[in-house]
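Input: a single structure, listed below in structure tokens.
Letters go in sequence order (proteins before strands), and every chain restarts at 1. Quick note: numbers below take in every heavy atom, side chains included, and nothing from hydrogens, waters or symmetry partners.
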2 protein chains.
Amino acid sequence: MDKLREGGFLISKIKQVSARIFDKKLKEYEITDLNTAQGRIIFSLWQQDHVPIKDLVSRTALSKTSLTSMLDRLVQMDYITRKPDEADKRKTVIALTEKSKQLKKRYEAVSLDMLAVFYEGLTEKQIDDFETTLNHILNNLNTYEEGYK
Amino acid sequence: MDKLREGGFLISKIKQVSARIFDKKLKEYEITDLNTAQGRIIFSLWQQDHVPIKDLVSRTALSKTSLTSMLDRLVQMDYITRKPDEADKRKTVIALTEKSKQLKKRYEAVSLDMLAVFYEGLTEKQIDDFETTLNHILNNLNTYEEGYK
DNA sequence: TCATTATAGTACTATATAGTACTAATGTCA
DNA sequence: TGACATTAGTACTATATAGTACTATAATGA
């Protein structure tokens, strides 16, 4: 592949605009104290709770240093708790609080609303193909980054 | 569309990992004082130079407030210049310096290297379809955000 | 069992990003 | 022509994000 593509540039732009819109929608749905980035962390905890920070690194694709300070804030706002793992004291276990569990339905409503904008005018088949390709690319990148270490 | 998709979540992750890898590649290619985000601005100036900040807003999908401070830094590092537009004094014209023009070839080499990782294992047809869908989505988002104002 | 290495997480620092509120210049219309 | 609205851009502030360097715990192997 030697043609100069612009996929990465497009992804950056989409991410940027999406985050701005999603932030506004969160406010509209009266989720006033969470932003898109924090939502991403909570979202991945809904899928699996009580996980060490290392797992959150791979599940959110954020660096562990980025996560540390974001988790600080989420603890402060009572969305999550931090507890040392008794079995392996190097680890810190992150868990959801009642407050964040109760948020789930409303957050999913925002997501659906957002997805409607995102995928407007595309067929189910196109969306399926698109998400398959996204997963493929993410896998490429993860493999590559893993090899760096 | 009422199935809960994860396109936005995937895009966020891809953007995150891509940026980390791209930053490392820039260093490998000895572009030591530019990062991915700054590169994105210079990249769009290579496509069209001598533009007001407002144009850069749409071309990079960054907010105008984000751009202000990034442009500050790029001026400081002698990659761009700021000049008031004589015809309409509200406007500031951004232009590339010799330094940034000379960077173009090396930057494109990094991009190609990056794209090889990004699209590894996909056919040209798949990539074409994928980028078409990306453009479609970006267009959806821009239209929506425009309607907000 | 102790020295070495690997793993998990954090403190500190720098840049990226956006929102709110502002200034200055321009355009518009009675 | 003067009041008002619009447009372009910036100052200030807060959060997101990552890198480097560090500490603490655990695993390994002579």
From CG of B:Leu56 across to P of C:dA18 the rounded distance in Å is 14 Å
Output the rounded distance in Å from CG (B:Leu67) to C1' (C:dT15). 14 Å
Between D:dG9 (C1') and B:Ile94 (CD1): distance, integer Å: 10 Å
Just wondering, are more than 12 heavy atoms of other shown residues or ligands nearer than 6.0 Å to NZ in A:Lys101? yes
Rounded to whole angstroms, how far apart are CG on A:Asn35 and P on D:dT17? 8 Å
When you check the phosphate oxygens OP1 and OP2 of D:dA8, does a side-chain N or O of B:Lys54 lie under 4.0 Å from one of them? yes
Residue mapping more 5' on DNA chain C - nearest nucleotide basis, A:Thr92 or A:Gln16: A:Thr92
What's the NZ-P distance between B:Lys25 and D:dA18, to the nearest Å? 18 Å
Sequence neighbours excluded, the answer for ring pair (Phe, Tyr, Trp, His ring centres under 6.0 Å) partners of A:Phe22 is A:Tyr107
Describe, as an angle rounded to 10 degrees, how the axis at the first end of the helix from C:dT1-D:dA30 to C:dA30-D:dT1 is tilted relative to the axis at the last end, five pairs per end. 20°
Base versus backbone protein contacts along nucleotides 20-27 of chain C [heavy-atom cut-off under 4.0 Å; B, S, -]: B----BS-
C:dA18 phosphate, OP1 or OP2, under 4.0 Å from B:Ser66 side-chain N/O: yes
Checking B:Ser63 against B:Ser66: is there a side-chain donor and acceptor pair closer than 3.5 Å? yes
Tell me whether B:Asp23 contacts the main-chain N or O of B:Thr36 through its side chain, where contact means a donor paired with an acceptor under 3.5 Å. yes
Rounding to an integer number of Å, can you tell me how far B:Asp23 CG sits from C:dA16 P? 9 Å
Close residues, residues 69-84 of chain B, relative to DNA chain D [heavy-atom separation under 4.0 Å]: B:Arg82
Of B:Thr132, B:Ile137, B:Asp129, the one forming a side-chain contact (heavy atoms from CB on, under 4.5 Å) with A:Phe130 is B:Ile137
Check whether more than 12 heavy atoms from other residues, nucleotides or ligands sit under 6.0 Å from atom NZ of B:Lys27, and answer yes or no. yes
Does A:Glu30 have more than 12 heavy atoms from other residues, nucleotides or ligands lying within 6.0 Å of its CD? no
Under a 4.0 Å N-O cut-off, is there an ion pair linking B:Lys13 with B:Glu6? no
Out of C:dA18, D:dA18, D:dG9, which has the shortest distance to the side chain of B:Lys91? D:dG9
Is A:Glu86 paired with A:Lys91 through a side-chain N to carboxylate O contact shorter than 4.0 Å? no
Step-by-step side chain to side chain contact (heavy atoms under 4.5 Å, CB included) determination, B:Leu62 to B:Arg40: CA-CA 10 Å; B:Leu62 296 168; B:Arg40 214 157 79 217; 3.2 Å; yes
Can you tell me if B:Gln38 touches the phosphate of C:dT15, counting only side-chain N or O atoms and a distance under 4.0 Å to OP1 or OP2? no
Would you call A:Ile42 and A:Ser100 a side-chain contact if the rule is heavy atoms closer than 4.5 Å? yes
Take the protein atom CG of B:Leu26 and the nucleotide atom C1' of C:dA16, then report the distance between them rounded to whole Å. 15 Å
Enumerate the residues from residues 42-51 of chain A whose closest heavy atom to DNA chain C is under 4.0 Å, giving them by residue number; use none for an empty result. none
Go through the side-chain N and O atoms of A:Glu131 and A:Tyr119 and say whether any donor and acceptor fall under 3.5 Å apart. yes
Separation of B:Lys15 atom NZ from C:dA16 atom P, in whole Å? 11 Å
NZ of B:Lys99: more than 12 outside heavy atoms within 6.0 angstrom? yes
Residue pairs involving residues 69-82 of chain A (criterion side-chain hydrogen bond (donor to acceptor under 3.5 Å, both in side chains); sequence neighbours excluded): A:Asp33-A:Tyr79, A:Asp72-A:Arg82
